[in-house]
K.L.:
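The structure's right below; bear with me while I get my questions together.
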Amino acid sequence: MLNEKAVLVIGGGVTGIQAAIDVANQGIKTYLVEKTPSVGGHMAQLDKTFPTLDCSACILTPKMVDVARHPNIELLTYSEVKEVSGTAGDFIIKIEKKPRYVDATKCTGCAHCAIHCPVEVLNDFDEMIGVRKAIYVPFPQAVPLVYTIDMDNCIECELCKNVCEAEAVNFDQEIEEIEVNVGSIILATGYDLFDATKLKNYGYGSYDNVLSSLEFERLLSASGPAGGHVFRLSDGKIPRRIAFLQCVGSRDSEHGMPYCSRVCCMYAIKNAILAKDHIHGGCETTIYYIDVRAFGKGFEEFYQNSQTRFGVKFVRGKVGEIVEDVNTNNLIVRVENTETGQLFEDEFDMVVLSSGLVPSQGSAEINKILNLPIDQYGFFEELNRISPVDTKIEGVYMAGVCESVKDIPDGVSQASAAAMRASLKAI
Amino acid sequence: MVEAKEMINETECETKFEPKLIGFLCNWCSYAGADLAGTSRVQYPPNIRIVRVMCTGRLDPQLILNTFRYGADGVLIAGCHEGDCHYIGGNYRAYRKYILLKEFVKKMGINEKRLRLEWVSASEGERFAKVVREMVDDIKEIGPSPFGVTTTGGVVEDEPEPKI
Amino acid sequence: MKDFALYLGCLTPTRVPSYEVALRKTSEKMGLRFIEMENTTCCSPMSILSLDYFTTLSIGARNLAIVEEMGLDTMVTPCNGCFEGLKKAAAILRNYPETLEQVNEILATVDKEYKGTVEVRHLSKVYYDEVGVDKIKELMVKPFDSLRIGIRPGCHLMKPTAITGIDYSERYVFLDDLIKATGAESVYYKHRFRCCGGLLRNVSEEVTEGMLRERLIELKKGDIDCAVTVCPLCFLQYDLGQKLVERKFKEKYNIPILIYSELLGLGMGLSAEELGLKTHRVKLDSVLEKIS
Amino acid sequence: MEEEPRIGVFVCNCGINIGGVVNVEEVAEYATTLPNVVVSRSSLYTCSDRGQGMIKDDIDEFKLNRVIVASCSPRMHEPTFRKVIEEKGLNKYVFEQANLREHVSWVHSKQPEEATKKAKDLVRMAVAKARLLESLPQHLVDVKGEALVIGGGISGLTAAKSIADRGFKVHLVEKTPNFGGKMAQLYKVFPTFDDPQELLNPLVEDIMAHPNITPYLSAEIADIEGYIGNYRAIIREQTEEKEIEFGTIIVATGFNAYDPNGEFKYGKHQNILTAMELHQLMRADGPTQGNLVTPAEGKTPRSIALISCVGSRQNENTVPEGKKPNAYCSRVCCTGMIATGMEIKEKSPDADIFVLYRDLRTHGKGHEELFTEFRQTGSTMIRYTDDQLPMISSTQGAEYPLSVTSYDSLSGLNVEIPVDLVVLATGMIPDDSASNIASKLHITISADGFFQELHPKLAPLDSVTDGVYLAGTAQGPKDVPDSVSQSLGAAAKACAPMALGQVEVESTIAVIDEDFCTGCGVCQGSCEFSAIVFEERDEGKKVSKVIEALCKGCGTCGSSCPSAAITMLHFKDAQLDAMVKAALTPQAGEK
């Protein structure tokens with residue numbers, strides 16, 4: 001019953017996962033390629049999701065397990081697409097499987113190796129706030145739950161090898177290249193967070209207590225480096241006043257980011273609520289915005305509740321600059337309240353930048369191979385208004401943020417859409 | 001008279017008493033929550049024995065009463081938060097039964113603290129542990145169940161009588 | 001049946017005489033009474049509308065006023081262009097009293113006044129509503145059963161539906177019924193509702209012939225015996241235009257095109273000669289054979 | 001199954017995860033003392049190939065007909081072990097798992113003795129249940145390779161075409177005489193200003209000519225019944241009725257424009273239009289051939305006010321008496337309004353445009369850029385607040401027929417604007433048919449009146465009913481590309497079961513003993529999925545019956561049946577009772 005033609009999905013975030021499942025569910029063989037050791041993407045980093053405050057991991061993990069267990073899906077994590085040739089209906093794909101130095105068939109994910117590993121490395125999954133070992137899984141619910149040795153940091157003491165009862169560690173592993181033949185390709189290469197260090201006036205990177213939204217997510221996350229306890233990175237104190245700055249790297253032509261990143265308003269409101277929820281003894285949260293774009297289903301209601309029920313404060317105005325008080329590491333924001341026209345300063349314990357979304361490095365890399373037309377920012381261009389998931393190459397489709405910024409529901413909808421289009425080229 | 005019963009029990013076993021708890025957890029939220037408590041290595045007292053059901057809505061009042069009859073010192077029912085039920089509204093129906101059951105349990109001379117219903121989501125491992133801790137402490141205060149004392153003696157062997 | 005004021009327009013009498021012949025001869029048989037209108041002008045031309053709103057409306061109002069003077073309340077036209085133009089003018093003048101006032105100020109200069117009472121109807125719709133499918137069936141003496149016909153309603157009969165008041169649906173048009181009434185089969189083919197490009201002929205041969213060619217290709221795919229229209233301009237495109245396209249692209253289509261009234265005429269037993277079908281550029285032999 | 005249970009127990013060390021705390025050997029040893037246990041072993045990793053092999057061998061050697069694995073959470077590996085025993089020809093429902101890792105070793109790591117004791121209890125409980133486990137028949141339902149698409153707007157058309165291209169028959173039902181829905185009524189679609197007809201016509205023609213698609217126009221669904229794979233409906237097209245059968249349903253019933261009657265003087269003056277009406281006016285096939293003129297005077301408007309959030313983001317105070325406020329944001333109006341502004345500027349460049357908005361939500365691809373462009377036309381942005389809605393008044397005899405007064409929260413001033421034309425950017429409300437369809441298909445409606453998706457985050461296209469999927473604005477306001485994405489997605493969802501031809505429905509369902517059933521119907525009220533129906537028995541007795549394909553196996557009906565006539569398979573009263581009893585009264589659970 002399985003089709004002879006297959007579909008390739010590039011990117012193992014929630015969008016790629018959904019796309020793979022929706023293709024495979026139609027009885028079509030599907031390859032899901034993810035370059036990091038685990039599927040899950042950015043969504044796995046989030047603590048809760050708006051507007052329902054659903055725990056991100058709880059709703060995502062089952063999908064991650066599905067994708068790994070699906071009989072029609074071949075999951076290729078820690079792998080990258082190196083070459084694409086052929087045309088719609090008959091693409092030849094060269095995929096490079098990077099060595100984990102751990103035998104995936106033997107590893108049971110018991111964490112024994114990591115416990116003994118002497119090397120601690122900043123964990124990029126935790127946005128460099130927490131640490132992991134040189135042999136690691138990025139996060140506890142990782143799929144596959146197979147450890148990976150990060151050779152850049154490994155000192156090859158082979159302790160892990162000795163303690164592994166499953167005898168899974170294997171330092172002789174090498175790059176493996178496989179070739180697959182598919183009818184169509186789905187791009188789900190996602191996004192990167194706008195690099196706020198470009199905005200000198202906000203001091204991100206130099207002030208300890210100015211965080212990016214993803215860093216704050218990791219602080220909030222129960223399975224994150226702080227176990228869900230929000231504290232200041234400068235002195236470990238609990239912040240009592242937190243400011244959220246909107247449109248950081250969005251709606252900002254000066255810095256070449258004219259577009260709206262579509263999700264920041266909502267995640268800022270969500271995080272403002274969660275901060276109040278996580279910080280015992282209370283915490284005051286203020287959001288500085290231009291327009292509150294609560295446009296999705298249930299968003300406006302969520303926005304209203306955040307004020308009435310949770311008491312999140314909203315000030316209309318784009319913050320001009322942030323100055324750090326060198327003694328207290330507190331942050332003074334300078335801003336004009338455009339509703340009262342008054343310029344003023346306010347002091348906060350912590351400032352969270354609602355950074356916009358930009359096309360991912362991954363998108364750029366895959367496009368070196370595919371040469372798809374992209375817009376001025378690097379998002380892939382759609383064929384036309386009523387073909388939003390068709391790229392300008394037949395047989396190559398796209399879903400999620402690599403096409404344009406969007407939230408999770410719109411992303412997974414698009415994933416299913418791409419699955420539909422892709423399946424037509426695989427039957 | 002309730003108090004009377006309870007008092008006897010307390011005097012009987014001033015020695016270290018470890019309550020026996022039964023937890024009925026729904027598969028989708030609370031059982032997953034208990035799993036998370038495990039994966040995140042949260043510690044809680046080993047007094048509870050967990051029975052997995054697909055939905056708290058499935059819980060038959062008679063099953064709960066039998067559980068006390070067999071000598072449970074406490075019964076925990078845990079399901080999805082309001083609106084999160086995998087079966088749309090099973091948890092609400094469980095809650096209805098729970099309200100009535102609590103009254104009934106009181107009438108039977110069982111301290112109502114022995115029966116507890118909690119909403120525990122798949123993400124609330126810590127919370128699940130907390131609930132168990134609290135419950136164990138509460139019941140240690142109250143003492144063993146009036147039905148529990150029979151465990152050494154005659155076990156209630158007869159099958160649950162039919163409802164009709 | 002009540003009398004109708006007949007507004008022929010310019011195209012029909014001057015360039016598609018066979019249409020006029022057919023409509024007159026058949027209407028007798030169907031018991032339709034048309035009264036000639038005198039001193040009419042150009043309808044209420046949309047080509048001017050974009051230049052001057054009120055001029056256009058005034059021209060239309062003048063023609064409509066003539067109908068009122070005749071003591072009639074309904075104007076019938078065989079031309080889609082006239083139909084839309086006048087129908088639209090009538091609608092605007094009915095719905096916007098202020099506009100009617102201003103228009104009448106202009107009409108006063110030619111001693112005319114329009115009260116806004118006239119209803120404008122298209123010939124084909126009169127066939128459908130007044131004569132009716134059943135009556136037409138009765139009048140048919142020629143067997144059309146074997147005939148596969150692709151209809152070509154023409155844009156301005158249908159759109160804007162809000163104004164033309166003609167219920168039109170991708171699935172079904174009253175024309176399908178009219179065709180069925182003759183015994184022939186009405187076949188769905190792509191582009192049946194698309195613009196024939198006629199109005200663009202004076203603007204760009206390039207475009208108009210390009211468009212027409214697409215239409216002809218789709219018609220051919222529909223494998224039909226002939227196309228039938230109720231619009232003189234569509235007719236000209238598909239008849240004369242077809243020849244031009246064939247010449248230009250060195251292709252052969254040979255898609256016979258008839259006007260519905262002509263089809264009726266044939267069905268009622270009138271001969272090709274009587275109907276003056278010899279004036280068609282595209283030979284009708286294949287069709288005539290099939291129905292003889 | 002009548003035969004005597006023969007249970008095999010396999011206790012897992014999970015490396016040191018369990019073995020490091022629980023005395024696994026002791027537990028395995030203890031298991032042999034339990035009734036019907038014929039073999040019990042421990043292993044390092046039961047999930048590993050070696051562990052699985054051991055289970056398979058023992059099934060052969062000891063003729064096992066029940067298998068218990070005491071290891072991690074069943075939510076982790078139950079499917080794994082179920083597969084293992086299925087490979088040995090056992091029914092997957094005779095497997096039971098005891099959770100010694102997540103529920104014991106990892107949470108009691110400091111108390112080895114108690115942990116071991118608890119582990120024994122859990123194994124004993126598992127055995128008690130296993131003794132009563134029974135094989136359940138696998139429930140497969142055939143899925144008819146035909147789909148019903150309700151609604152012929154851009155969403156319905158897109159979904160229908162994809163499914164048809166995928167090779168399945170599609171019944172496309174549209175209640176109006178034409179396809180294209182609301183999109184077909186627009187003048188241009190933002191932000192690219194394409195002509196909707198140019199996009200729609202080829203699609204419609206494909207649909208009409210598609211061999212796999214049966215279009216129904218001016219049609220309605222007279223009746224519909226069934227479940228995934230097996231639906232039946234009666235379609236009424238004009239006069240004739242037709243009965244059709246199909247396997248899946250896509251709901252694409254779309255939206256209606258909000259009716260601002262009684263607000264902003266709408267209906268009181270010809271020059272106050274809704275956005276939709278303005279689109280009509282600007283279309284080449286509109287009443288004025290696309291000439292933008294004021295309806296009352298037929299003049300080119302010199303000054304135009306655009307007002308946003310009409311019928312969106314409302315509360316009790318912002319709607320007239322008796323009207324239900326729409327709390328939600330309609331998602332498209334802001335960009336729509338800005339696009340309209342651009343179009344007006346194009347048609348009459350000298351017109352002054354005043355945009356009255358609350359928050360400007362140009363969030364889509366290219367929308368913000370469009371807004372930036374619009375601001376360069378020198379038009380005026382006025383930010384009003386929901387406690388001071390703009391007021392419109394008609395000015396008899398003045399130079400301008402209308403006047404708009406509003407508070408501008410940016411300048412803090414009250415402004416008065418004389419205008420020729422007022423355009424209300426009305427929001428979206430669900431199509432009238434929504435509630436009717438919802439009750440016919442047993443799908444739910446969310447607070448905003450649109451259809452409710454299965455999960456707002458990860459299942460936006462599924463309804464709560466298997467086989468019924470949501471597309472486009474039926475699920476909530478969205479623009480054209482988002483609607484198309486959704487409908488393509490919904491099509492994919494619908495294709496999955498049709499492509500496989502069969503779906504397995506969980507065997508763990510409720511069954512009703514008709515002899516006990518008194519036909520009181522309480523269970524039917526307790527079932528969220530309308531999976532229980534009355535069936536007439538001879539001698540006119542009515543009994544409840546479970547439609548297997550609809551039953552999701554929650555068991556709520558079972559606990560609500562006053563006659564104990566309902567058995568929840570795999571979670572029977574007796575099975576749960578046995579577990580509890582075994583847990584509390586050791587001697588009862590032992591040999």
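In the text below, chain A, chain B and the rest are named by the order of the sequence lines, each starting its count at 1. Atoms considered below: every heavy atom in the structure, side chains included; atoms not considered: hydrogens, waters and symmetry mates.
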K.L.:
Select, from D:His108, D:Glu102, D:Lys117, the one with the greatest count of heavy-atom pairs under 4.5 Å involving chain B.
P.N.:
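Among the listed options, the one with the most contacts to chain B is D:His108.
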
K.L.:
Among B:Met54, B:Arg52, B:Arg93, B:Glu18, which residue forms the greatest number of heavy-atom pairs with chain D at distances under 4.5 Å?
P.N.:
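Of B:Met54, B:Arg52, B:Arg93, B:Glu18, B:Arg93 has the most heavy-atom pairs under 4.5 Å with chain D.
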
K.L.:
Surrounding OH of B:Tyr95 (heavy atoms of other residues, nucleotides or ligands, distance under 6.0 Å), is the total greater than 12?
P.N.:
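Result for OH/B:Tyr95: open.
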
K.L.:
Which atoms form the tightest heavy-atom contact between B:Pro61 and D:Ser559, and what is the distance?
P.N.:
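Closest pair (atom of B:Pro61, atom of D:Ser559, distance): CD-O, 4.3 Å.
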
K.L.:
Got a second to check how far D:Leu584's CG is from B:Phe68's CZ, nearest 0.5 Å?
P.N.:
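Output value for this atom pair is 10.5 Å.
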
K.L.:
Would you please test D:Asp577 and B:Arg69 for salt bridge (charged side-chain N to carboxylate O under 4.0 Å, His left out) and show each step?
P.N.:
CA-CA 11 Å; D:Asp577 197 81; B:Arg69 193 148 141 276; over 6 Å; no

K.L.:
Check each atom of B:Ile22 against the heavy atoms of chain D and say whether the ones under 4.5 Å are side chain, backbone, both or neither.
P.N.:
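Side chain only.
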
K.L.:
For B:Asn47, is it the side chain, the backbone, both, or neither that has a heavy atom closer than 4.5 Å to a heavy atom of chain D?
P.N.:
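Interface part for B:Asn47: neither.
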
K.L.:
So with a 6.0 Å cut-off around NZ of B:Lys97, is the heavy-atom count from everything else above 12?
P.N.:
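Enclosed: over 12 neighbouring heavy atoms sit under 6.0 Å from NZ of B:Lys97.
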
K.L.:
Give me the atom names and distance for the closest heavy-atom approach of B:Pro46 to D:Gln111.
P.N.:
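That closest heavy-atom pairing would be CD-NE2, 3.4 Å.
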
K.L.:
Before giving the answer on side-chain contact (heavy atoms from CB on, under 4.5 Å), spell out for B:Asp35 and D:Ser73 the whole-Å C-alpha distance, their side-chain angles and the decisive distance to 0.1 Å.
P.N.:
CA-CA 7 Å; B:Asp35 282 357; D:Ser73 167; 2.4 Å; yes

K.L.:
Give me the atom names and distance for the closest heavy-atom approach of D:Val580 to B:Phe24.
P.N.:
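For D:Val580 and B:Phe24, the tightest heavy-atom pair comes out as CG2-CZ, 3.7 Å.
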
K.L.:
With a 4.5 Å limit on heavy-atom distance, are the side chains of B:Asp60 and D:Asp573 in contact?
P.N.:
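Yes, close enough: below the 4.5 Å cut-off.
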
K.L.:
Run B:Tyr31 and D:His103 through ring pair (Phe, Tyr, Trp, His ring centres under 6.0 Å) and show every step you take.
P.N.:
CA-CA 9 Å; B:Tyr31 195 93; D:His103 290 187; 4.6 Å; yes

K.L.:
Checking B:Ala129 against chain D: side chain, backbone, both or neither under 4.5 Å from a heavy atom?
P.N.:
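Contact with chain D is absent: no heavy atom of B:Ala129 under 4.5 Å.
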
K.L.:
Is there a side-chain contact between D:Trp106 and B:Gln43 (heavy atoms, below 4.5 Å)?
P.N.:
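Of all side-chain heavy-atom pairs linking B:Gln43 with D:Trp106, none is under 4.5 Å.
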
K.L.:
Compare every heavy atom of B:Tyr87 with every heavy atom of D:Phe529, then report the nearest pair and how far apart it is.
P.N.:
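That would be CZ-CA, 3.7 Å.
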
K.L.:
What part of D:Ser526 is in contact with chain B, defined as an atom under 4.5 angstrom from a non-hydrogen atom: side chain, backbone, both or neither?
P.N.:
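For D:Ser526, heavy atoms of backbone and side chain both lie under 4.5 Å from chain B.
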
K.L.:
Is any side-chain heavy atom of B:Arg49 closer than 4.5 Å to a side-chain heavy atom of D:Asp121?
P.N.:
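A side-chain contact exists here, since the closest heavy-atom pair is under 4.5 Å.
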
K.L.:
Between D:Ala510, D:Ser109, D:Ala583, which has the largest tally of heavy atom pairs under 4.5 Å with chain B?
P.N.:
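That would be D:Ser109.
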
K.L.:
Looking at CD1 of B:Ile50 and CE of D:Met579, how far apart are the two atoms once the value is rounded to the nearest 0.5 Å?
P.N.:
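That separation rounds to 10.5 Å.
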
K.L.:
Look up atom CD in D:Glu78 and atom CG in B:Asn27, then write down how far apart they are to the nearest 0.5 Å.
P.N.:
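Taking CD in D:Glu78 and CG in B:Asn27, the distance rounds to 8.0 Å.
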
K.L.:
Could you tell me whether B:Lys113 atom NZ has more than 12 heavy atoms of other residues or ligands within 6.0 Å of it?
P.N.:
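At most 12 heavy atoms, drawn from other residues, nucleotides or ligands, come within 6.0 Å of this atom.
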
K.L.:
Based on non-hydrogen pairs under 4.5 Å, which of D:Ala115, D:Gly555, D:Cys554 is most in contact with chain B?
P.N.:
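Ranked by heavy-atom pairs under 4.5 Å with chain B, first place is D:Cys554.
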
K.L.:
May I ask you to test the B:Val53-D:Leu576 pair for a side-chain heavy-atom distance under 4.5 Å?
P.N.:
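Sidechains of D:Leu576 and B:Val53: in contact.
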
